[in-house]
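Any value given below was found using the heavy atoms of this structure, including those in side chains, with hydrogens, waters and symmetry copies removed. Letters go in sequence order (proteins before strands), and every chain restarts at 1.
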Protein chains: 2
Amino acid sequence: MSHHDLKLGHPSCGDCPIRHKAVCARCESDELAQLDAIKYYRSFQAGQTVIWSGDRMDFVASVVTGIATLTQTMEDGRRQMVGLLLPADFVGRPGRPTAAYDVTATTDLVMCCFRKKPFEEMMAATPHIAQRLLEMTLDELDAAREWMLLLGRKTAREKIASLLAIIARRDASLKASASKGGVKFDLPLTREEMADYLGLTLETVSRQMSGLKRDGVIELEGKRHVIVGNLDRLLEETGDDSDGGALV
Amino acid sequence: MSHHDLKLGHPSCGDCPIRHKAVCARCESDELAQLDAIKYYRSFQAGQTVIWSGDRMDFVASVVTGIATLTQTMEDGRRQMVGLLLPADFVGRPGRPTAAYDVTATTDLVMCCFRKKPFEEMMAATPHIAQRLLEMTLDELDAAREWMLLLGRKTAREKIASLLAIIARRDASLKASASKGGVKFDLPLTREEMADYLGLTLETVSRQMSGLKRDGVIELEGKRHVIVGNLDRLLEETGDDSDGGALV
DNA sequence: ACCAACCGTTGACGCAGGTCAAGGCGCGCG
DNA sequence: CGCGCGCCTTGACCTGCGTCAACGGTTGGT
């Protein structure tokens with residue numbers, strides 16, 4: 001909890017990496033200027049807690065770079081991750097005074113925060129923001145429901161494969177790296193975080209990772225770097241509909 | 001699939017039971033009139049399918065009375081319920097052409113449907129609708145995340161208790177029936193539907209119901225009627241924070 | 001009246017994944 | 001350099017829940 005929670009300056013929205021994907025995606029330049037007036041950047045080190053569930057939260061924010069997680073904890077310590085926040089994702093709920101989940105930086109993290117009160121006022125006055133937020137929330141709801149299927153019905157191996165597939169796909173689309181079939185990436189999560197995400201124990205995660213490696217579905221370089229030789233092979237292991245990426 | 005899918009007339013919004021909770025909650029009377037022009041009622045029998053995942057869907061809708069479910073199915077038949085739709089809940093996603101989930105009526109069901117195209121146009125022009133939909137979607141997202149904790153981390157007994165608690169609470173608040181401690185209600189779901197909701201098998205559901213009964217947490221009258229003598233006792237079994245209903 | 005379909009319960013058994021425990025690797029720090 | 005610590009792996013064992021199977025009650029159709 002050392003105070004490495006820097007408040008940074010005021011980079012302009014023009015060259016913001018998430019300009020066209022975040023809540024502000026549809027804003028016109030005058031609207032951006034308004035947002036600019038109520039925004040500030042904060043950055044966090046990997047492992048730092050952004051906010052605890054139940055704490056007063058007087059901002060909402062977009063993830064600019066890095067990855068954060070939303071987790072819920074039961075009294076006896078059982079933990080379940082309920083959201084993985086990637087760049088452009090939105091944190092916080094307009095109209096709610098406190099945080100509903102623990103928010104933690106799993107990598108170094110930069111967030112673009114908006115003071116809540118003025119943000120709420122802007123939302124009421126600026127349909128572009130509310131529209132975009134609705135769209136993003138609907139996407140998150142879909143993702144949450146897909147995750148419910150995973151948590152409720154998939155086997156440990158399918159869970160791991162699904163998580164790897166999600167990360168692989170994101171990296172593939174992001175970096176346009178994959179030469180049809182060969183994808184490599186670094187896992188942004190520890191085994192324990194993976195376990196919390198998947199509703200497993202870290203031992204089971206470790207065993208299943210070893211299993212997928214033994215069966216040639218993935219290769220490992222060190223603990224974190226994953227090489228997927230054949231993405232289709234990995235997708236088969238997820239238990240999902242095999243149509244994978246339609247040819248559209 | 002017999003054709004008991006009646007299209008009903010055009011009851012007025014004025015005396016609609018969900019008038020103040022559904023997407024239209026914030027609409028002024030002129031806006032209601034517009035909605036009225038694009039709406040139609042449909043009713044379904046218990047057990048009927050409203051729409052299959054992947055089917056073209058040219059309406060969105062509110063549940064007026066009855067209960068519907070959203071479920072996802074894997075190729076091999078594993079099923080997970082991902083949403084329970086109660087009166088006032090919204091079905092369908094503006095901007096998406098097909099249904100993402102199977103929608104099924106678990107009780108007799110009446111829905112207020114809006115033709116999708118004009119509804120989308122209205123949404124763009126009527127902030128009241130988009131605002132309300134955002135609010136409802138955020139609530140659903142919260143519910144989905146709570147459900148993720150249940151699916152990922154709770155034991156079978158805790159899952160059953162949580163489901164009963166949700167239904168008990170809803171009925172208690174709805175009917176203001178409970179004289180501090182005594183709640184009774186009919187389960188709107190079969191054992192199999194409960195299993196699909198909770199990520200269990202129907203046998204496990206049955207056993208845990210018997211277990212809760214044996215331990216005096218609930219009483220059963222027939223298969224479906226549940227009597228909760230001591231709600232706090234039930235809440236203890238859910239594994240959730242014990243603060244239950246705060247004294248505010 | 002009978003039968004079939006549906007829903008629910010219960011028992012016996014097996015296994016996937018949790019639990020407990022030991023140990024390995026890499027890294028920063030005294 | 002050696003030590004401790006965080007992260008990961010692996011093994012042995014245990015158990016909660018799934019699977020398979022039998023059976024009872026209720027309802028509706030012929």
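Rounded to an integer number of Å, the gap from B:Leu198 CG to D:dG18 C1' is 15 Å. Separating the CZ atom of A:Arg78 from the P atom of D:dG16 is a distance of 13 Å, rounded to the nearest angstrom. Protein atom CG of B:Asp196 is 12 Å distant from nucleotide atom P of C:dC7, rounded to whole Å. Between the C1' atom of C:dG18 and the CE atom of A:Met194 lies a distance of 17 Å, rounded to the nearest Å.
Remark: A:Lys223 does not engage A:Asp186 in a salt bridge, criterion side-chain N to carboxylate O under 4.0 Å. Using a 4.0 Å cut-off between a side-chain N of Lys or Arg and a carboxylate O of Asp or Glu, B:Glu193 and B:Arg79 do not qualify as a salt bridge. Taking 4.0 Å as the cut-off between side-chain N and carboxylate O, B:Asp171 and B:Lys184 do not count as a salt-bridged pair. B:Arg153 has no carboxylate O lying under 4.0 Å from a charged side-chain N of A:Asp76, or vice versa, which leaves the two without a salt bridge. Under the 4.0 Å criterion applied to side-chain N and carboxylate O atoms, B:Glu203 and B:Arg207 are not assigned as salt-bridge partners. Comment: A:Glu237 engages A:Arg157 in a salt bridge, judged by a side-chain N to carboxylate O separation of less than 4.0 angstrom.
In this structure, B:Arg170 fails the cation-pi test against B:Phe185, since its NZ or CZ atom is not both closer than 6.0 Å to the six-membered ring centre and inside 45 degrees of the ring normal.
Residue contacts for A:Gly211: at a heavy-atom cut-off of 4.0 Å it reaches no nucleic acid atom on any strand shown.
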Within the 4.0 Å limit for protein heavy atoms, which parts of nucleotides 6-12 of chain D are touched? Write it as a string from 5' to 3', B for base, S for sugar-phosphate only, - for none.
--SBBBB
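A:Val217 pairs in a side chain to side chain contact (heavy atoms under 4.5 Å, CB included) with only one of the listed residues (A:Leu164, A:Leu212, A:Asn230), which is A:Leu212.
Non-hydrogen atoms lying under 4.0 Å from DNA chain D are contributed by nothing in residues 150-168 of chain A.
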